[in-house]
Amino acid sequence: CESNGCCWEALDENSLTPWCFRANTYYDLTDLTQTAIGYRGKLHLTSGATSQYGDDIAALTMELLFEAKDYVRLRITDASKQRWEVPASVVDRPQVLVAAPEASRLYDVKFTESPFSLVVSRKSDGSIVLETDSSIVYKDQYLELTTKTDASARTYGLGESTRMTHALPVGSTQTL
């Protein structure tokens with residue numbers, strides 16, 4: 001168990017808690033500043049680093065971009081080196097110079113700084129559209145971000161995906 005990057009903590013014989021579990025990896029949000037199109041901040045690894053799948057990247061940049069009145073974009077990148085990204089020739093991104101005004105946005109965004117997490121909710125009825133878990137794994141060739149959504153919600157366009165013609169199945173794991 002421990003050799004696979006898991007933790008082992010024997011509780012009592014009748015416990016419903018698993019003895020073998022993965023430690024959560026947490027980042028704290030600091031240096032948050034408002035930009036012309038949203039917010040920018042730094043995410044710093046605070047706990048849970050493991051060597052499974054490679055070393056964790058300790059410093060990340062978080063951008064929250066209010067690109068349009070009906071969607072927000074969360075972008076998390078390596079703070080110290082540029083990484084490959086899907087080129088605009090594959091998935092065309094809008095050129096946004098100014099954030100959608102808060103009064104016109106159909107959503108609210110709230111985040112927790114320590115450990116970092118994010119909630120996007122619909123203004124009209126308060127339904128949660130996206131809720132990230134506070135555990136984030138960010139390695140050289142492995143990313144993991146757990147989200148919660150309403151089971152009745154339809155989610156399209158996850159992670160620069162070109163699968164824009166169908167809704168993602170509820171309870172599924174998707175590659176980015």
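No hydrogens, no waters, no symmetry mates; every other heavy atom, side chains included, goes into these values. In this chain, residues are counted from 1 in sequence order.
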Donor-acceptor pair, distance only, cut-off 3.5 Å: does the side chain of [X] make one with the backbone of [Y]?
{"X": "Thr132", "Y": "Leu118", "result": "yes"}
{"X": "Ser114", "Y": "Asp28", "result": "no"}
{"X": "Tyr107", "Y": "Tyr71", "result": "yes"}

Please give me the minimum heavy-atom distance between [X] and [Y], naming the atom from each residue.
{"X": "Thr77", "Y": "Tyr138", "result": "CA-OH, 3.4 Å"}
{"X": "Val137", "Y": "Asp56", "result": "CG1-OD1, 4.2 Å"}
{"X": "Val98", "Y": "Val96", "result": "O-CG1, 3.4 Å"}
{"X": "Pro115", "Y": "Ser134", "result": "CG-CB, 3.6 Å"}
{"X": "Ile136", "Y": "Leu145", "result": "CG1-CD1, 3.8 Å"}
{"X": "Ala100", "Y": "Ala68", "result": "CB-C, 3.5 Å"}

Measure the [atom1]-[atom2] distance between [X] and [Y] for me, rounded to the nearest 0.5 Å.
{"X": "Leu29", "Y": "His44", "atom1": "CG", "atom2": "NE2", "answer": "8.5 Å"}
{"X": "Asp108", "Y": "Ile128", "atom1": "CG", "atom2": "CD1", "answer": "11.5 Å"}
{"X": "Leu106", "Y": "Asp70", "atom1": "CG", "atom2": "CG", "answer": "6.0 Å"}
{"X": "Asp31", "Y": "Thr61", "atom1": "CG", "atom2": "OG1", "answer": "10.0 Å"}
{"X": "Glu131", "Y": "Ser121", "atom1": "CD", "atom2": "OG", "answer": "10.0 Å"}
{"X": "Leu143", "Y": "Ile57", "atom1": "CG", "atom2": "CD1", "answer": "7.5 Å"}

Are there over 12 heavy-atom neighbours, none belonging to [X], within less than 6.0 Å of that residue's [atom1]?
{"X": "Lys139", "atom1": "NZ", "value": "yes"}
{"X": "Lys123", "atom1": "NZ", "value": "yes"}
{"X": "Arg105", "atom1": "CZ", "value": "yes"}

Side chain to side chain, [X] and [Y], heavy atoms closer than 4.5 Å:
{"X": "Met62", "Y": "Leu74", "answer": "yes"}
{"X": "Leu130", "Y": "Val72", "answer": "no"}
{"X": "Phe66", "Y": "Tyr39", "answer": "yes"}
{"X": "Phe111", "Y": "Leu32", "answer": "yes"}

- request: Please lay out, stage by stage, how Glu67 and Arg75 fare under the test salt bridge (Lys or Arg N to Asp or Glu O under 4.0 Å).
  value: CA-CA 12 Å; Glu67 292 184 346; Arg75 189 166 179 261; over 6 Å; no

- prompt: Hey, quick one: are Tyr27 and Val109 part of the same hydrophobic cluster, counting side-chain heavy atoms closer than 4.5 Å, chains of contacts allowed?
  reply: yes

Donor-acceptor side-chain pairing of Asp125 and Ser127 below 3.5 angstrom: yes

query: Would Lys81 and Asp78 count as a salt bridge (Lys or Arg N to Asp or Glu O under 4.0 Å) if you check the C-alpha gap in whole Å, the side-chain angles of each, and the deciding distance to 0.1 Å?
result: CA-CA 6 Å; Lys81 94 181 194 190; Asp78 187 331; 5.7 Å; no

